[in-house]
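Along the sequence shown, residues are numbered consecutively beginning with 1. Because the structure is a prediction, the values reported are computed rather than measured. The figures here come from the full heavy-atom set of this structure, side chains too, leaving out hydrogens, waters and symmetry mates.
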Amino acid sequence: LDGLLDDVEGISLSNPPKIRLLLGGAATDEPELVESMESMGATFVADTLCFGSRAHWRSSRVNGEDPIRILAEQIMENTLCPRMVEMFDQRIEKLRAIAERAQVDGVVLVHNKFCDVHSIDNAHLRLRLEEAGMPVLLLEKEYGAIADRGRIATRMQAFVERIGER
């Protein structure tokens, strides 16, 4: 690790992005979509995606407790997925904490077309985040977002410009 740190210590970005974003929402296993969105002058520094870091929000309790019970509790208590409707307040607080820690300038919430659970949840998240002064972009996309690339690029560019004007 020390060697790796020494290797990257002198590296600097020639043109570092000024806009720091959090990417949240549904399963988004399309790196080309993220790359396309980042090409608009922003970078994603945190996420709350289904298949992203959200899968690793676990407690570190282990000492002397039954590991099967701990695993079961983690799955039931820490699954901050929109299908767990009663956990909305925990989900929004976790998202706010991550956004604050990562010092993001805005949030992009994405969901696949016809994913009603994330569609409804993202609308509620957007309202709560905007009430707190956080800019939010809601993106509904087809799975295989290459079909939506132009539309998404236009909306993303406008969002980045809006944040840049603040």
Side-chain angles (χ1 to χ4, degrees), residues 17 19-31 33-38 40 42-62 65-145 147-148 151-164 166:
I19 311 279
R20 297 169 58 90
L21 299 175
L22 180 145
L23 181 61
T28 304
D29 56 348
E30 302 163 276
L33 172 66
V34 175
E35 290 168 5
S36 172
M37 290 192 294
E38 285 186 329
M40 299 295 138
T43 190
F44 291 104
V45 296
D47 81 272
T48 60
L49 297 169
C50 281
F51 299 154
S53 66
R54 187 166 73 194
H56 305 289
W57 297 345
R58 304 281 193 248
S59 74
S60 57
R61 298 182 354 229
V62 177
E65 295 184 55
D66 176 20
I68 301 298
R69 181 174 181 83
I70 292 170
L71 181 60
E73 287 175 359
Q74 287 177 342
I75 289 169
M76 296 306 294
E77 294 173 7
N78 293 334
T79 305
L80 296 179
C81 178
R83 67 182 166 75
M84 309 291 259
V85 176
E86 69 279 1
M87 296 180 94
F88 179 80
D89 289 334
Q90 291 168 299
R91 208 164 38 258
I92 187 73
E93 289 310 313
K94 186 70 171 180
L95 194 153
R96 283 182 180 158
I98 291 169
E100 185 177 318
R101 187 175 62 239
Q103 300 175 341
V104 301
D105 301 305
V107 175
V108 176
L109 296 172
V110 64
H111 66 272
N112 295 318
K113 190 174 258 185
F114 306 117
C115 179
D116 295 336
V117 173
H118 274 284
S119 175
I120 292 166
D121 191 62
N122 283 352
H124 288 289
L125 289 171
R126 176 184 183 181
L127 290 173
R128 294 280 290 273
L129 290 169
E130 286 181 341
E131 285 172 1
M134 178 66 69
V136 178
L137 173 64
L138 282 183
L139 285 177
E140 179 182 76
K141 67 177 189 64
E142 298 284 343
Y143 190 79
D148 288 333
R151 181 182 59 82
I152 289 172
T154 300
R155 297 200 53 219
M156 188 68 187
Q157 184 176 10
F159 183 62
V160 168
E161 288 174 8
R162 186 179 113 204
I163 291 173
R166 290 177 43 161

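In this structure, Asp148 contributes its side chain and Glu142 its backbone to a donor-acceptor pair below 3.5 Å. A distance-only check finds a donor-acceptor pair linking the side chain of Arg20 to the backbone of Gln103 [under 3.5 Å].
With rounding to the nearest 0.5 Å, the separation of CD in Glu93 from CZ in Arg96 is 5.0 Å. Here His124 contributes atom NE2 and Ile92 contributes atom CD1; the two are 11.0 Å apart, rounded to the nearest 0.5 Å. To the nearest 0.5 angstrom, Thr43 atom OG1 is 11.0 Å from Met37 atom CE. One distance of note links CG of Leu33 with CD1 of Ile152; it measures 5.0 Å at 0.5 Å rounding. Considering CG of Leu109 and CZ of Arg126, their distance stands at 9.0 Å, rounded to 0.5 Å. For the atom pair Asp121 CG and His111 NE2, the distance stands at 10.5 Å (nearest 0.5 Å).
Side-chain contact check for Leu125 versus Val107: every heavy-atom pair is 4.5 Å or farther apart.
Not a single side chain to side chain donor-acceptor pair (under 3.5 Å) links Asp105 to another residue, sequence neighbours left out. In this view, Glu100 satisfies the side chain to side chain donor-acceptor pair (under 3.5 Å) rule with no residue, not counting sequence neighbours.
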Scan the side chains in residues 153-162 for donor-acceptor partners under 3.5 Å anywhere in the protein, sequence neighbours excluded, and list what turns up.
from, atom 1, to, atom 2, distance (Å)
Thr154, OG1, Gly150, O, 3.0
Arg155, NH1, Leu138, O, 3.0
Arg155, NH2, Leu138, O, 2.9

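The side chain to side chain contact (heavy atoms under 4.5 Å, CB included) test with Val104 is passed by exactly one of Leu23, Leu21, Leu22, Ile19: Leu22.
Closest of all the heavy-atom pairs between Ala26 and Leu49 is O-CD2, 3.4 Å. Across Ile98 and Ala46, no two heavy atoms sit closer than the pair CG2-CB, 3.7 Å. Minimum heavy-atom separation, Glu38 to Phe44: OE2-N, 2.9 Å.
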